[in-house]
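Heads up: the structure comes next, in structure tokens.
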Amino acid sequence: MANARQNMTLRFFGAGGAFSRRYGTTCSMITLSDGDRWLIDCGRQAPDQIHDAGMCWHDFVGQIITHVHGDHVFGLEDFAFQRFFFSHGEIVATLEGGPRPKMIAHSAVVEEIWQTMAPSLRYIRNTDGSLASGTLSTYFEMIDRCGGEPPRENPWRHSESFESGLMRVTARENEHVPGKPSCSLEIGVGDDPKDGRIAWWSGDSTVDPELLTALEPRTSLFFHDSTFVDYPGQVHGFFALLERLPESVRKKMVLMHHEDDIEDHRARCERSGFRLALPGHVYDLITGKRIA
Ligand SMILES: [Zn+2]
Ligand SMILES: [Zn+2]
């Protein structure tokens, strides 16, 4: 899939929260400077979002998953089956020897992805017709971690890092539903791995001012899930806490995974320096500017 070199970008297919009807569930596309395209998360509306964008599963090299909730993974079965059974353009079906899409996810998340998908993906046949037992690797090329940090508060590793082609990403344990494997993403931007620059993606996470402030000098953009609804045991980025982040962080922050009434809050958001993600928006991950 080698195209002319281009800026590294992120395009929103779905920009709404778990129960959004207006903005769609989470699925975004990263395009690397060599033209390779990856998806971040694959929510329940992803198959239709991608179709509506005039694209198909064969356009993507890989998939990154932050955590297992329906609004982040329920599109995966469509991805797996379509690539496994069908050829499109130059991309041959996996069943006929074509490439599997790659997958990057923290090992604790991978376990839950398989728990969710096994009843659909487990049942396959060998070429002689005998029954076999599929695994996630039957459908996706699972990328092994190349680094990470040992467990802290939870039993799984605090962070795991991955590299595949020009994609470099660290999946870091975040605080979403207590005890549940869930990660934020530090996505390497620029072609030089040594410069340390990243774009940051919250997945679903409560606000961690210490982490965000520490990352800010080398971060082009923070994409943060957000909510205006507070409740005991908050599991998302509550706006009143996001509003208290340093201005340097807020100016780089794009609010996503928001509720359907986000336009009611636009003025307050923009006054504090935030930008709002909508489906179809495209960001340049090097300059931090929105380009579409
Ligand atoms: Zn979510
Ligand atoms: Zn979630």
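It should be emphasised that the depicted structure is a prediction, and the values quoted were computed from it without experimental measurement. We count ligands from 1, going down the list as the structure has it; atoms in each ligand are counted the same way.
Partner Phe79 forms a ring pair (Phe, Tyr, Trp, His ring centres under 6.0 Å) with one of Phe84, Phe86, Phe85, Phe140 and no other, that one being Phe140.
At a threshold of 4.0 Å, the pair Arg250-Glu247 does not count as salt-bridged, since none of the basic side-chain nitrogens sits closer than that to a carboxylate oxygen.
Note on the Zn ion (ligand 1): protein N/O/S atoms under 2.8 Å are Asp71 OD2, His72 NE2, Asp204 OD2, His257 NE2.
Considering just the N/O/S atoms of His176, the one nearest the Zn ion (ligand 2) carries the name NE2.
Aromatic pair Trp201/His224: centroids not less than 6.0 angstrom apart. With ring centers used as reference points, His106 lies 6.0 Å or more from His67. Taking the ring centroids of His265 and Phe228, they lie under the 6.0 Å cut-off.
The CZ atom of Phe19 lies 11.5 Å from the CG atom of Asp260; values are rounded to the nearest 0.5 Å.
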